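Encoded as structure tokens, the structure appears first; notes follow it.
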Number of protein chains: 2
Amino acid sequence: MRKLYLIGVGAGDPDHITMQGIQAMNEVDGFFVIGKGELKRELIEVRTAILDKHRSAYYKLIEVVDPPRDREPSDYVDEVDLWHDKRAELLEEQFGALDGVGGLLVWGDPSLYDSTLRMVERVLARGIIDFEYEVIPGITCVSALAARHRIVLNRVGEPVLFTTGRKLREGLPDGVLDAVVMLDSDCSFTTLEPETQIWWGAYLGMPDEVLIAGTIGEVGERIQTERAELRARKGWIMDTYLVRRP
Amino acid sequence: MRKLYLIGVGAGDPDHITMQGIQAMNEVDGFFVIGKGELKRELIEVRTAILDKHRSAYYKLIEVVDPPRDREPSDYVDEVDLWHDKRAELLEEQFGALDGVGGLLVWGDPSLYDSTLRMVERVLARGIIDFEYEVIPGITCVSALAARHRIVLNRVGEPVLFTTGRKLREGLPDGVLDAVVMLDSDCSFTTLEPETQIWWGAYLGMPDEVLIAGTIGEVGERIQTERAELRARKGWIMDTYLVRRP
């Protein structure tokens, strides 16, 4: 039976890789790298750094060119669905051509706002190639954020919502005071009360890491400016934050 | 300056440890182990297994006996507060007596429903001993659960609430359909609609790992029975689950 590993490699620091991840990596013959542009180039560098450090034998690095995607679609769910289909087709083609165990190195952890697992399930559902697959958990960008700020995400006994910038703009559900926000290119925290505390981090675990914390009233504008500058300079940004409402 | 590491060791599998965690471990002279009873004994075994595997030099293992705690207090927050104070005092005493770098091996990740970081901050706030501290992120039991069930926690673009059994019983906030539940000794999922999907896991990453998935109508009772039996047999249980409402 053909085999595929989905390996969470952590949030940027090559040493976020787990022993389990290293073991899985060493069973893989060909790694598929999916992405595009500057972000892809840098992620390939980080992934190659991880592989070079922890994998001695020869391995194949197979680039899967990410299909284009409408970032402001009229129907968000439909568009994401279509895009996942195109990705699945491309992966199927490359995995079908590989002689051996396949691997997908996933940024952070495959269980949180990541589409790799859905793509793999689609490849299987298409029924063209058959394989078994295993998921290796990784350090999430959220754990990395919390570790660098040395914070606990939840207050004692209280819940914390993991959400997106888009959803934050629609307002937090009643009774939810603490939220971790991902996929926010619009600094949606500006819609919250100025007394809200924020712990923000960009390029977590990487040499360019930037951390800012305070109330939104104090540091909100600084995060917006800094984020725009960093993004312009590098061509991409990955950031996440925790907000805690009064 | 005296130094303390808080190291997330992952959710039970000794190979959940990260390279960063191993590096930190190798700088530590004395590891503090906090806990009590059967759970403590087994957690010490897992931690010792991790240390024996990844740490070659001699190290000290310093047991900190957990103070007793009222599990059904009239005021939950106050009781937890008092308990954290007692723990802080005990850690302060032990760390004060240690000649070298201290380490705390934290189950899962220090940022999620874990009191270690708060205890360390209390030791500092007491002002008796001074030190710097660093947090090393770990694989959460949530990532481990998702990996073993091969699921993504969130639906596309949707939020997911991380919460406790106690809070789940009070009802999920409006608009929240997906929730990860921790610290639930009462099988609070039974308060949800029978069509709700559940992915449950106990002793994740350990040899005794048990996974059950289905709708609450289909598997709810089985989880309750199994949980009670496992707990009785081992003397303790650690479990977590994702619920997805229709």
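The shown structure was predicted, so the numbers you read here are calculated from the model rather than taken from an experiment. No hydrogens, no waters, no symmetry mates; every other heavy atom, side chains included, goes into these values.
Residues A:Thr18 and B:His16 come closest through the heavy atom pair CG2-O, 3.3 Å. Of all non-hydrogen atoms in B:Thr140 and A:Ser143, the two that sit nearest each other are CG2-OG, 3.8 Å.
Chain B forms more heavy-atom pairs under 4.5 Å with one residue of A:His84, A:Lys53, A:Lys167 than with any other, namely A:Lys167. Comparing B:Val180, B:Thr164, B:Asp109 by how many heavy-atom pairs each has under 4.5 Å with chain A, the most go to B:Asp109. Contact tally against chain B (heavy-atom pairs below 4.5 Å) for A:Ile17, A:Leu183, A:Asp174: the top residue is A:Ile17. In terms of heavy-atom pairs under 4.5 angstrom with chain A, the leader among B:Ile139, B:Leu6, B:Val176, B:Val142 is B:Ile139. Heavy-atom pairs under 4.5 Å with chain A were tallied for B:Ile136, B:Thr163, B:Leu172; the largest tally goes to B:Thr163. Looking only at heavy-atom pairs under 4.5 Å with chain B, the residue among A:Glu134, A:Arg166, A:Gln23 that has the most is A:Gln23.
A:Leu145 does not touch chain B: none of its heavy atoms, backbone or side chain, sits under 4.5 Å away. Contacts between B:Leu168 and chain A at a heavy-atom distance below 4.5 Å are absent for every atom of the residue.
Residues of residues 146-162 of chain A lying within less than 4.5 angstrom of chain B, judged on heavy atoms, are A:Ala146, A:Ala147, A:Arg150, A:Ile151, A:Val152, A:Leu153, A:Asn154, A:Arg155, A:Val156, A:Gly157, A:Glu158, A:Pro159, A:Val160, A:Leu161, A:Phe162 in numerical order. At a heavy-atom cut-off of under 4.5 Å, chain B is reached by A:Ser111, A:Leu112, A:Tyr113, A:Asp114, A:Leu117, A:Arg118, A:Glu121 from residues 111-121 of chain A, listed in order of number.
Within the 4.5 Å cutoff, side-chain heavy atoms of B:Met19 are placed close to those of A:His54.
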